[in-house]
Amino acid sequence: MNNDIKNFFLAGLGSAAYTYEKATTLIEDFVQRGKITLEEGKDLSEELKRTVKEKKEINTSLAKDKTPLTKEDIASLLKEMNFATKDDIEILNARLKALETNNS
């Protein structure tokens with residue numbers, strides 16, 4: 001479980017890095033096309049670097065401060081999100097079978 005959370009966190013960082021690379025490429029493309037000036041491109045790039053660095057620091061500190069989720073924590077979160085439980089699905093299956101039997 002702990003390894004899964006770590007992998008999820010790393011995937012988030014990977015997506016942030018990929019997004020940063022794409023944004024940088026987009027900024028360079030705008031500069032080449034003359035849509036923005038070189039100075040504006042540099043400013044956007046610096047702002048993007050700063051934002052990514054801040055988000056990374058926040059996420060890293062949050063990950064260090066958190067204790068691993070327990071099975072009960074996950075069950076509670078799923079209940080709050082109103083996901084169907086295994087019991088709910090079994091009840092629906094039983095009702096469906098009863099309706100199918102009555103209609104046959």
Side-chain angles (χ1 to χ4, degrees):
M1 173 67 91
N2 204 8
N3 200 20
D4 291 338
I5 294 171
K6 180 181 175 184
N7 288 339
F8 184 74
F9 176 72
L10 291 175
L13 286 177
S15 349
Y18 180 75
T19 303
Y20 171 76
E21 289 175 18
K22 285 296 184 182
T24 302
T25 304
L26 184 64
I27 291 170
E28 289 171 1
D29 187 44
F30 280 163
V31 170
Q32 288 177 353
R33 290 184 183 183
K35 303 272 184 186
I36 59 175
T37 66
L38 184 60
E39 190 62 35
E40 289 172 329
K42 286 180 183 178
D43 289 343
L44 282 172
S45 183
E46 287 301 315
E47 184 177 339
L48 183 60
K49 283 181 192 176
R50 187 173 43 256
T51 303
V52 168
K53 184 178 178 182
E54 288 171 1
K55 296 289 183 183
K56 182 179 175 184
E57 288 172 357
I58 289 170
N59 287 338
T60 303
S61 67
L62 286 175
K64 288 180 182 176
D65 293 342
K66 298 291 179 180
T67 56
L69 291 175
T70 63
K71 187 176 181 179
E72 291 78 22
D73 293 335
I74 294 172
S76 174
L77 288 171
L78 291 174
K79 186 173 184 175
E80 285 177 22
M81 292 192 292
N82 206 22
F83 279 104
T85 63
K86 187 176 181 179
D87 292 337
D88 293 335
I89 294 170
E90 288 174 357
I91 291 169
L92 287 174
N93 281 334
R95 289 179 63 192
L96 182 59
K97 283 181 182 179
L99 286 172
E100 288 173 345
T101 303
N102 291 339
N103 287 335
S104 298

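For clarity, every value in this text was computed on a predicted model and none was experimentally measured. Both backbone and side-chain heavy atoms feed into the values below; hydrogens, waters and symmetry mates do not.
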**Report entry** Nearest-0.5 Å distance that lies between atom CG in D88 and atom CD1 in I91
**Finding:** 6.0 Å
**Report entry** In one Ile/Leu/Val/Met/Phe/Trp/Tyr side-chain cluster, 4.5 Å: L99, L92
**Finding:** no
Query raised in the report: Any donor-acceptor pair under 3.5 Å linking the side chain of T51 with the backbone of E47?
Result: yes
Report task. Just jot down the side chain to side chain contact (heavy atoms under 4.5 Å, CB included) partners of L96, sequence neighbours excluded, or say none. Result -> E100
Query raised in the report: Got a sec, which residues hit side chain to side chain contact (heavy atoms under 4.5 Å, CB included) with A98, two or more places apart in sequence or on another chain?
Result: none
Query raised in the report: Who pairs with E90 by side chain to side chain contact (heavy atoms under 4.5 Å, CB included), at least two apart in sequence or on another chain?
Result: K86, D87
**Report entry** E40 backbone acceptor or donor facing D43 side chain under 3.5 Å
**Finding:** no
**Report entry** Flag side-chain contact, heavy atom, 4.5 Å: T70 against I74
**Finding:** no
